[in-house]
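Lettering of chains follows the sequences in order, A, B, ..., and the numbering in each one begins at 1.
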Amino acid sequence: MTTPELPTQYAPADVEAPSYERWVAAGYFAADPGSGREPYSIVLPPPNVTGSLHVGHALDHSIQDALSRRARMRGFETLWLPGMDHAGIATQNVVERELAKEGLSRHDLGREAFVERVWQWKEESGGRILGQMTKLGDGVDWSRERFTMDERLSRAVQTIFKRLFDDGLIYRANRIINWCPRCLTALSDIEVEHSEDEGELVSIRYGSGENEIIVATTRAETMLGDTAVAVNPSDERYAHMIGREVELPLTGRMIPIVADDHVDPAFGTGAVKVTPAHDPNDFEIGRRHNLPSLAIMDERGVITAHGPFQGLDRFEARPAVVAALRAEGRIVAEKRPYLHAVGHCSRCKTVVEPRLSLQWFVNVGPLAKEAGDAVRDGRTRVHPPELAKRYFDWVDDMHDWCISRQLWWGHRIPVWYGPEGEVVCVGPDETAPEGYVQDPDVLDTWFSSALWPFSTLGWPEQTEDLARFYPTTVLVTGYDILFFWVARMMMFGLYAMDGEPPFRTVALHGMVRDQFGKKMSKSFGNVVDPLDWIERFGADATRFTLLRGANPGSDVAISEDWAAGSRNFCNKIWNATRFALMNGAVSTGLPDELTPADRWILSRLRTVTETVDTAFEDFEFAKISDALYHFAWDEVCDWYLELAKIQIAAGGPTAENTKRVLGHVLDALLRLLHPLVPFVAEELWRALTGQESLVVAAWPVPDAAHADPGAEAEIESLQTLVTEVRRFRSDQGLKPGQRVAARLSLSGTALAAHEGSIRALLRLEEEPESFTPTARLAVGGVTVEIDTAGAIDVAAERKRLEKDLAVARKEQAQVTGKLGNEQFMAKAPEDVVSKVRARAAQAEQDIARLEAQLAALPA
RNA sequence: GGGCGGUUAGCUCAGCGGUAGAGCACUCGCCUUACAAGCGAGGGGUCACUGGUUCGAACCCAGUACCGCCCA
């Protein structure tokens, strides 16, 4: 085997792209449904076709990649399936904007040509994110890449629509829906974002004289469409007015006063205006009282009601209506600014307009019930479990889902209307009767994304993939999308797959934030571009930084400093392996003869492997990263490599054995690191082992035979001694490299066999014939006498000893207090008491020793 | 208004009954032949507040304050 010369610094850019290409070419990421292995499958939450890789994706993908890489190493038939969704509104907006530059609208092209144009855009500039995923190292199965508008996936959409339709779970109705006057389409409830905005609350006097009633509203312009005033039936103030009519100002129309339980007598005057065509609550009141619905706006939010306000935008009309009312003396009170919740289009932030229109809905009742039950009865586990409650709150109180969109880009609703008003739902292999016209609308994008876990595997065909990889093992996504998407996939998956939920586990992570825990936003200027980080710090460092902060369900704070720290970590591993290779480390199995240092690091390796395995089961990526970081840096690099240097320098069989232990430990460490930092781990592992790829190497199994508490205790006491003497050296101003003579008294202690190592680590020479130590240190049972080769800094030494003494005395006080407490002695468990006794004895000893040392110091 | 989560070192977070931890930042000394993207040493915390349970509370319970998120 040749040992390639590694540079002193890890250069990610030289390694990443070629490695990735090699992995793909070797077919490591392609799943084989025909293998006999147990399946492990993940579907990638499909990014938006208009999207590009942002730091939230980077986190989500890093987690999925870590999970699937580890699963592959553990021998599972692993599928991580990539793809995109067609993002109806977003994509249509992008292409319409492009057209606008040419002075065209989609109507100029016509529907067919427009859709053709969108496809063209998709081929050319859509899906940039897929290329970016390779930079991050995503080990996805590219042979199974899917798109929600693919023919097969579209077939799945049509199939399930037809089934739901035939089962009576899809219906068409005239309802108040959320309407975006800019996107000109209906939105579902969850596509509306609510925020506390400043508005106004205006109290208006309707009617006159005895028939006078005051209503308050934040949307004065809608009064033009009022068809009633409502009061609570139990409200005595208005009891006598129920059934009467009052004159609606500005219009001269007479409208009734109705009694409705849903009116809150405590809000405002207790009387509310009722605008059934422009408010969901009012719509319900209108239904209950048979009130007419009077639409006063068009689809762009422009007033259509006859009169002086016609042609005004809704926001221009508001002050105009108020001014007109004021001129008539109708305004009783005005509160401005008035904070209230306002809905905005999640896509374009335009204020949503409740609009009465004919739309398609999914009756979610039975589907949502089943989606909730699947989590309740454990068919699907939500992790972390605290978030399951949010899921239940949502699915147990879900409103019917408005699925029609007034767009051209998307799956067209497969319903055709006949000349006599017939309605026919057409399945995938059916054709509509002659002369029928198809519904012009398309389906909500989430309707097709809800099929993702099975449409991508071939459903409705009974494919091999579907049989093998459904239900998927785990879904990894942000908690923000739990009800947006997860709940919908649960509903459709359970419905289409006979009660088999789409995932065994839903693992939720948080949002990525900046180093102060602040949300990233363009206007705040704290947005991290993962591609920029990949370029500057490497893909591994970018991934490691994200994973290191990722605790289940909680947000991740990151900063450039931390990315640099992760890069340093990669470099540390790099150099450790480089050192090992320079010294002939080999991964050819462990030798029979092991030194205490060898046994210690192997024992630690076993523990760390176990810790990592356990943490993976609970998606505790922060714990996994920390365990490996600490093991690699603080134990392997800081101690084992230093001890190995000494063992190798000793020559002979010890040296040869050490090379094998070193090789074994690094081999295992790189395997454990591979899911997190695949590029650097791969490069080093190939250099170390000469084998083809770590991607398909076996995951380490913790070796119980390596547990060695004795060796751990031995090395720990060595560490304590070394650190203590280094502290002395540092306090005394001895340079790290400066060699000084010392006498060690180790016989009879656990460190008797370690004199050579201790001297090497501490740069202590053998004492000469005529040895006159200037300082004497005692650590545990060991005495170290040192000739500091000059006058000792008495002040520094006194300070050091006094500090230690203070610590020991404090400990003693605390501990003797406990031992003197009868209750403690009577009730505390025996192991705690004996521990405290041991601490007391230790403190006693330390105090005596330190006092003696202080007394011995020259004045 | 309803619900959930949080408050531990300068920052971000672990710890969740028995001696307060990590990373980064900070101080001091070092280019000690794997690594200055490094090495060695060090400083830094009435664990938000108030009560309770307990021999013992950062941890369990109750309440208060503040922060964040979701829903209405």
Rounded to whole Å, the CE-P distance (M511(A) to G6(B)) equals 17 Å
* Examine R726(A) relative to W639(A) and say whether NZ or CZ is less than 6.0 Å from the centre of the six-membered ring and inside a 45° cone about the ring axis. => yes
Residues of residues 726-733 of chain A with a heavy atom under 4.0 Å from any atom of RNA chain B, listed by number, are R726(A), R727(A), S730(A)
Does this structure show an ion pair linking D831(A) with K835(A), if we count only N-O contacts that are shorter than 4.0 Å? no
C13(B) phosphate, OP1 or OP2: any side-chain N/O from N551(A) under 4.0 angstrom?
no
The Watson-Crick or G-U wobble partner of G23(B), with both key distances under 3.5 Å, is C11(B)
If pairing means Watson-Crick or G-U wobble with both distances under 3.5 Å, then the partner of C16(B) is none
G44(B) -> Watson-Crick or G-U wobble partner, both distances under 3.5 Å, gives none
Within 45° of the six-membered ring axis of F631(A) and under 6.0 Å from that ring's centre, is NZ or CZ of R604(A) located there? no
Considering only heavy side-chain atoms of T723(A), the closest of A72(B), G18(B), A41(B) is A41(B)
When rounded to the nearest Å, what value does the distance between C1' atoms of A22(B) and C47(B) take?
-> 15 Å
Whole-Å distance, K818(A) NZ to A57(B) C1', equals 11 Å
Rounded to whole Å, the CG-P distance (L762(A) to C39(B)) equals 17 Å
Taken to the nearest whole Å, NE2/H399(A) to C1'/C71(B) is 10 Å
Between the CG atom in L684(A) and the CG atom in L666(A), the distance rounded to the nearest 0.5 Å is 8.5 Å
Rounded to whole Å, the CE-P distance (M825(A) to U54(B)) equals 21 Å
If pairing means Watson-Crick or G-U wobble with both distances under 3.5 Å, then the partner of C69(B) is G3(B)
Paired to G29(B) by Watson-Crick or G-U wobble criteria (both distances under 3.5 Å) is C39(B)
Between Y10(A) and the options F569(A), W574(A), F537(A), the ring-ring contact (aromatic ring centres under 6.0 Å, His included) test singles out W574(A)
Per the under-4.0 Å heavy-atom filter, residues of residues 610-630 of chain A near RNA chain B come out as Y629(A)
**Report entry** Atom C1', compared across G43(B) and U7(B): separation rounded to whole Å
**Finding:** 25 Å
Integer angstrom distance from the C1' of G38(B) to that of G5(B) = 40 Å
Which of R727(A), Q853(A), K799(A), R809(A) passes side chain to side chain donor-acceptor pair (under 3.5 Å) with D804(A)? Answer is R727(A)
Note: contacts of residues 552-562 of chain A with RNA chain B (heavy atom, under 4.0 Å) are A557(A), D561(A), W562(A)
Establish, yes or no, whether the cationic atom of R488(A) lies under 6.0 Å from the six-membered ring centre of W401(A) and within 45° of the ring axis.
-> yes
note: L59(A), atom CG; U12(B), atom P; distance rounded to Å ~ 18 Å
With sequence neighbours left out, the residues meeting ring pair (Phe, Tyr, Trp, His ring centres under 6.0 Å) with Y479(A) are none
*Take I558(A) and L546(A) through the test side chain to side chain contact (heavy atoms under 4.5 Å, CB included) and record every step on the way to the result.*
CA-CA 7 Å; I558(A) 59 167; L546(A) 291 163; 4.0 Å; yes
Here the distance between atom P of G42(B) and atom CD of E802(A), to the nearest Å, is 18 Å
Worksheet item: So, are E765(A) and R759(A) salt-bridged, with charged N and O less than 4.0 Å apart?
Response: no
Requested in this report: Using the C1' atom as the reference point in each nucleotide, state the distance between A37(B) and C31(B) in Å, no decimals.
Outcome: 14 Å
Original post:
Taking the inter-plane angle between the rings of F616(A) and F621(A) on a 0 to 90° scale, is it parallel (under 30°), tilted (30 to 60°) or perpendicular (over 60°)?
Top reply: perpendicular
Margin query: Ring-plane angle category for W485(A) and W446(A), please: parallel below 30°, perpendicular beyond 60°, tilted otherwise.
Written below: tilted
Rounded to the nearest 0.5 angstrom, the OG1-NZ distance for T577(A) and K572(A) is 11.5 Å
Checklist entry - Ion pair present between R839(A) and E844(A), side-chain N to carboxylate O less than 4.0 angstrom? => result no
Item checked: Ionic contact status for D626(A) with K623(A), cut-off 4.0 Å -> no
Answer for the Watson-Crick or wobble partner of G63(B), both distances under 3.5 Å, is C49(B)
Rounded to whole Å, CG of N821(A) lies from C1' of G56(B) at a distance of 8 Å
Nucleotide by nucleotide, nucleotides 30-38 of chain B touches protein heavy atoms under 4.0 Å in the pattern (B base, S sugar-phosphate only, - none) S-B-BB-BS
Output for pair (Q719(A) CD, E635(A) CD), nearest 0.5 Å, gives 7.0 Å
Taking for D634(A) and for K827(A) the nucleotide of RNA chain B with the nearest heavy atom, the one nearer the 5' end belongs to D634(A)
Is NZ or CZ of K645(A) both nearer than 6.0 Å to the six-membered ring centre of F579(A) and within 45° of the ring axis? yes
Any protein N or O atoms within reach of nucleotides 1-4 of chain B? Criterion: under 3.5 Å, listing atom names and distances.
none

Nearest heavy-atom approach of E811(A) to A843(A) is CG-CB, 4.0 Å
